2 protein chains.
Amino acid sequence: MYKASIATENFIKAIYKGEQGNSMDTKPGTIAKELGITNAAATDMARKLAMKKLIDYEKYKELKLTPDGTKVALDVLRKHRLWETFLHQVLGLTMHEIHREAELLEHLTSDFLAEKISDFLGNPETDPHGDPIPTDDGEIPETDHSITLSMGEPGNTYKISRLSGSDKEFFDFCHSNKLEIGTSLTVQKHYIKTRMIEIEIQHTKLLLNIDLTNTIYIKKAD
Amino acid sequence: MYKASIATENFIKAIYKGEQGNSMDTKPGTIAKELGITNAAATDMARKLAMKKLIDYEKYKELKLTPDGTKVALDVLRKHRLWETFLHQVLGLTMHEIHREAELLEHLTSDFLAEKISDFLGNPETDPHGDPIPTDDGEIPETDHSITLSMGEPGNTYKISRLSGSDKEFFDFCHSNKLEIGTSLTVQKHYIKTRMIEIEIQHTKLLLNIDLTNTIYIKKAD
DNA sequence: AATTAAATTTAAGTATGCTTAAAAATATAA
DNA sequence: TTATATTTTTAAGCATACTTAAATTTAATT
């Protein structure tokens, strides 16, 4: 299997995030901002990865992962989420600590070690955020049919299924507003212009920015 | 604290090994062979690390770590041995597997995570090989007064205290010849010319190469 | 539609960490 | 001690992964 450099892995991860996420695209500038590099560096990298057949690249267009590129993304993502689960369950690190450490460890984790960690954890399907862990053959167990909070319909009640953010602020915010996995909420109203969503959670009304709500996943309460 | 690159960390580790070991010096060629790079690359790196005050470098002389360089070496060594201990005790990896994985993980392990691992393990003083784990402030707990097997005196009986090798062959050899931590042995005779040592272990005579015996540590049986 | 702004690309340059090939210094052996 | 071999160093070059600055293309605004 193709072994990518750390820089390449991070670049491909960013594209993957852009392809999946609703609050981010895969234009070079967006990727550059995500990685903290210049636009020129992103274009440069795009050309190189295109030659390696990891992405499809047409000038001035969005970057798109090839099947090979997607495989790299899912491999790193699997290691990232396995480490997050492991660091949380075994070493008791907090939600934002596990992200920070997994962000490093994922790049120097052999397939062998990833399997050992997975076995030790009982081959979990999701990480502590509720995010699905890709399998070793690159499948994503999407059994929960979660949607982002921004997709929730006014009047409907949901349970929070995933909290997908990575920074301390996000988790502090969630915690102090009782936004936890399993908690029920009712979507009140969408404000298109201001890109806000109003929800009711534990008898409290909350106005959330749409960007934030794309890292909060919900599913219909059964 | 100065953050070294992976290449720099490995280079400094090799020098540290040469400074400590009895079977290896710190000449550029030796370091190059250890790392699998050319002599030219080793000289090149030596000049660069000298500019960063991590090593003392005089042309055609052996490479020597500065206090700063030694700090880098001990920091990486601490992380290496903490990972080895953790992977062995928690994930049950074999002796040569833990080395291989720790060799990677050590480079992307934050000080924060190292402390968490250490705490989890009850702040152990030695790793599964019996090698001392440097403390977070760069001290090496040398409480056991071990010596290498090559230093053992004929007629004396010792207990094996450390098995410091890294490759599978070494551990397979040790295992099949009952060379385990805690096992008693009696040094029989040194053969200077052929660089061999004869020992008796569990009523069996064994002839060992001196290079091998520098990774086997012993101490006087009490 | 024309102008302006923003994003993207190209070009040139830098640091790291290697390589090969040739020159210089050191070590070994006859 | 002199010739030979080995090691070390220098020199030139390459790939990766960035940078800044300028040119080009696309997008937004009037």
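Numbered from 1 within each chain, the chains take letters A, B, ... in sequence-line order. What you see is a predicted model; the values in this text were computed from it and never measured.
When rounded to the nearest whole Å, the span between CG of B:Asp44 and C1' of D:dG13 equals 12 Å. Distance, A:Leu35 CG to D:dT19 P: 10 Å, rounded to whole Å. Rounded to a whole Å, the CZ atom of B:Arg47 is 8 Å from the C1' atom of D:dT9. The CE-P distance, from B:Met45 to D:dT9, rounds to 15 Å in whole Å. Rounding to whole angstrom units, CG of residue A:Asn39 and C1' of D:dC18 are separated by 13 Å. Rounding to whole angstrom units, CD of residue B:Glu58 and P of D:dT9 are separated by 11 Å.
The distance between the ring centers of A:Phe11 and A:Tyr57 does not fall below 6.0 angstrom.
Close approach of DNA chain C to chain B, defined as any atom under 4.0 Å from a non-hydrogen atom of the protein, starts and stops at C:dT16 to C:dT26.
In this structure, B:Thr43 does not reach the D:dT8 phosphate: none of its side-chain N or O atoms is under 4.0 Å from OP1 or OP2. Note on A:Thr8: a side-chain N or O is less than 4.0 Å away from OP1 or OP2 of D:dA17.
Residues A:Ile37 and A:Tyr60 each lie close to DNA chain D; by heavy-atom proximity, the contact nearer the 5' end of the strand is made by A:Ile37.
When side chains are defined from C-beta on, A:Met45 does not count as touching A:Pro28, because their heavy atoms never get closer than 4.5 Å.
Distances from the side chain of B:Ala40 to the nucleotides D:dT19, D:dT10, D:dA17 place D:dT10 closest. The listed nucleotides are D:dT8, D:dA17, D:dT9; the one nearest the side chain of B:Lys59 is D:dT9.
Judged purely by atom type and a 3.5 angstrom limit, A:Asn177 uses its side chain to pair as donor or acceptor with the backbone of A:Phe173.
Residue-level contact check: B:Tyr57 touches the backbone only, with heavy atoms under 4.0 Å from sugar-phosphate atoms and none from bases. Within 4.0 Å of B:Lys52, counting heavy atoms only, lie sugar-phosphate atoms of the nucleic acid but no base atom. Residue B:Lys48 is in base contact, counting any heavy-atom pair closer than 4.0 Å across all strands shown. Contacts of B:Ala7 with the nucleic acid, taken as non-hydrogen atoms under 4.0 Å apart, involve only primed sugar atoms and P, OP1 or OP2.
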**Request:** Take B:Glu106 and B:Lys13 through the salt bridge (charged side-chain N to carboxylate O under 4.0 Å, His left out) test and state the conclusion after the steps.
**Result:** CA-CA 11 Å; B:Glu106 62 185 6; B:Lys13 267 178 62 186; 2.6 Å; yes
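A salt bridge between B:Asp75 and B:Lys71 is absent, with no side-chain N of the basic residue lying under 4.0 Å from a carboxylate O of the acidic one. By the 4.0 Å N-to-carboxylate-O rule, B:Glu115 lies close enough to B:Arg78 to be salt-bridged with it.
Looking at A:His80 and A:Asp127, their side chains never bring a donor and an acceptor atom within 3.5 Å of each other.
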